[in-house]
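Below is one structure; the comments refer to it alone.
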Amino acid sequence: MIEHLLKFIERMLNLHYGGCRMTASTEQEPSRRDKLVEATVAIILEVGLRAAKTRFVTERAGVGTGLLNHYFRWPELRALAWAQLFTAVTQDQFAGSGDPQEDLDRYFSTAFTQEVRRYWQLWIEASDLAASDGPMNAAFRRVSAQSRNRLRDLLRAGCVQGLWDLPAPDATALRLGAMHDGLAGLLLSPVAELDPARAEAHLRKAFALECQNPRSRAGQGTPSVPDQSC
């Protein structure tokens with residue numbers, strides 16, 4: 001999954017900077033910036049957000065600190081790389097099949113797998129850092145809104161098709177997102193009596209309780225909700 005996301009980020013960077021490649025002097029600049037951003041993403045994935053250092057990035061990119069400072073301030077580069085990473089994560093998480101029920105089931109079933117555990121850690125680190133870091137605060141707000149809006153759009157699509165009945169998909173997306181983050185934090189806690197399957201059951205149950213349609217609340221017409229009490 002990490003290799004897939006890095007390739008996705010590389011494509012996004014090429015699209016973002018592609019319009020700048022107009023002269024011989026500007027042709028090299030996007031590739032240098034791209035290399036620094038890609039190296040920062042890789043370092044963040046390897047060591048975490050707080051442990052990432054400019055030295056690690058320049059060594060990975062094969063450039064000097066002076067070049068990094070020429071293009072970026074470190075807090076801005078770190079926030080940009082984190083945002084690029086989680087934009088790719090969001091794109092992957094909500095890669096629609098055209099069937100809202102199938103897509104929502106995928107959202108639930110992949111929310112707490114071992115494969116995405118690293119991303120919970122990076123999300124929580126970014127949330128903590130955003131309290132005192134301006135660039136990270138802006139990046140976190142932007143990516144949070146992207147994720148919430150993608151979930152909202154999925155919920156709205158299901159309402160339109162009559163798969164479930166939600167009085168306010170925007171509010172449901174906000175509450176489900178907050179519950180997801182809270183459950184992920186509990187799973188990372190060494191004292192929490194929770195496992196991924198149980199966390200998924202909580203999230204599915206929360207969605208069922210949001211639905212006004214009795215069929216949906218019973219788990220019919222929505223991804224299955226375990227009978228056991230959450």
Side-chain angles (χ1 to χ4, degrees), residues 1-96 110 113-151 153 177 181 184:
M1 183 175 183
I2 290 175
E3 290 182 0
H4 165 74
L5 290 173
L6 288 174
K7 290 179 180 177
F8 184 85
I9 290 166
E10 183 178 0
R11 289 198 301 271
M12 289 196 300
L13 289 169
N14 288 338
L15 287 173
H16 180 73
Y17 293 123
C20 299
R21 296 190 171 101
M22 298 174 62
T23 67
S25 62
T26 61
E27 281 181 358
Q28 294 181 355
E29 290 201 5
S31 64
R32 289 174 177 174
R33 291 174 61 95
D34 291 358
K35 186 180 292 187
L36 287 166
V37 175
E38 290 168 10
T40 307
V41 170
I43 292 300
I44 287 172
L45 282 168
E46 286 180 11
V47 305
L49 200 56
R50 289 192 177 276
K53 306 293 182 186
T54 55
R55 176 172 58 84
F56 301 160
V57 172
T58 54
E59 288 177 356
R60 173 62 64 91
V63 301
T65 303
L67 185 64
L68 185 152
N69 292 333
H70 172 72
Y71 288 112
F72 299 104
R73 291 177 56 248
W74 172 238
E76 293 168 351
L77 175 57
R78 180 174 57 185
L80 174 61
W82 180 89
Q84 294 282 11
L85 172 61
F86 274 89
T87 295
V89 168
T90 300
Q91 292 281 359
D92 184 73
Q93 185 180 29
F94 293 101
T110 61
T113 61
Q114 188 65 31
E115 185 181 27
V116 299
R117 188 180 183 90
R118 184 61 176 152
Y119 301 104
W120 311 338
Q121 295 170 326
L122 292 174
W123 184 268
I124 291 172
E125 284 188 39
S127 177
D128 292 342
L129 191 58
S132 58
D133 184 286
M136 186 57 71
N137 184 286
F140 191 83
R141 287 175 178 272
R142 184 171 64 255
V143 174
S144 295
Q146 288 174 357
S147 179
R148 186 168 58 251
N149 290 343
R150 293 295 294 270
L151 179 56
D153 292 346
D181 292 354

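The structure displayed is predicted, hence computed values, not measured ones.
- Between the side chain of Thr58 and the backbone N or O of Arg55, at least one donor-acceptor pair lies under 3.5 Å.
- Two residues are said to be in side-chain contact when any heavy atoms from C-beta on lie closer than 4.5 Å; Trp74 and Val57 meet this criterion.
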Query - Stepwise salt bridge (charged side-chain N to carboxylate O under 4.0 Å, His left out) check, Glu46 with Arg60 - result: CA-CA 12 Å; Glu46 286 180 11; Arg60 173 62 64 91; 2.4 Å; yes

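- Listed here is the closest heavy atom pair of Val116 and Thr110: CG2-O, 3.7 Å.
- Within the 4.5 Å cutoff, no side-chain heavy atoms of Gln84 are placed close to those of Thr40.
- How far OG1 of Thr90 is from CZ of Arg148: 11.5 Å, rounded to the nearest 0.5 Å.
- Residues Phe56 and Ile44 fail the side-chain proximity criterion, which asks for heavy atoms closer than 4.5 Å.
- Here the closest non-hydrogen pair linking Ala139 and Trp82 is O-CZ3, 3.8 Å.
- Residue Gln146 holds its CD atom at 14.0 Å from CG of Leu151, rounded to the nearest 0.5 Å.
- Annotation: side chain of Val63 is not in contact with side chain of Arg32 (no heavy-atom distance under 4.5 Å).
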Report task. For side-chain contact (heavy atoms from CB on, under 4.5 Å), just list the numbers for Trp123 and Val143, CA-CA rounded to whole Å, side-chain angles, deciding distance to a tenth of an Å, and then say yes or no. Result -> CA-CA 10 Å; Trp123 184 268; Val143 174; 3.8 Å; yes

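- Residues Arg118 and Gln121 share a closest heavy-atom pair of NH1-OE1, 3.1 Å.
- Ring-plane geometry between Phe86 and Tyr119 is classed as perpendicular, the angle between the planes exceeding 60 degrees on a 0 to 90 degree scale with a lower cut at 30.
- Nearest heavy-atom pair across Leu80 and Phe72 is CD2-CE2, 3.8 Å.
- Nearest heavy atom pair, residue Glu125 against residue Arg50, reads OE1-N, 2.9 Å.
- Here the straight-line distance linking atom CG of Leu85 with atom CG of Leu45 works out to 5.0 Å at 0.5 Å rounding.
- The line from NZ of Lys35 to CZ of Arg33 is 14.5 Å long, rounded to the nearest 0.5 Å.
- Surrounding CZ of Arg117 are more than 12 heavy atoms belonging to other residues, nucleotides or ligands, all under 6.0 Å away.
- Residues Ala81 and Val37 approach most closely at CB-O, 4.0 Å, considering heavy atoms.
- Looking at Ile124 and Asp181, their side chains never come closer than 4.5 Å, going by heavy atoms from C-beta outward.
- Counting heavy atoms from C-beta outward, Leu49 and Met136 have side chains that approach closer than 4.5 Å.
- Atom OG of residue Ser147 and atom CD of residue Gln91 lie 11.0 Å apart, to the nearest 0.5 angstrom.
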Query raised in the report: What's the verdict on salt bridge (charged side-chain N to carboxylate O under 4.0 Å, His left out) for Arg78 and Asp133, showing C-alpha distance, side-chain angles and the deciding distance?
Result: CA-CA 11 Å; Arg78 180 174 57 185; Asp133 184 286; 3.0 Å; yes

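- A salt bridge links Glu76 with Arg73: the closest approach of a Lys/Arg side-chain nitrogen to an acidic carboxylate oxygen falls below 4.0 angstrom.
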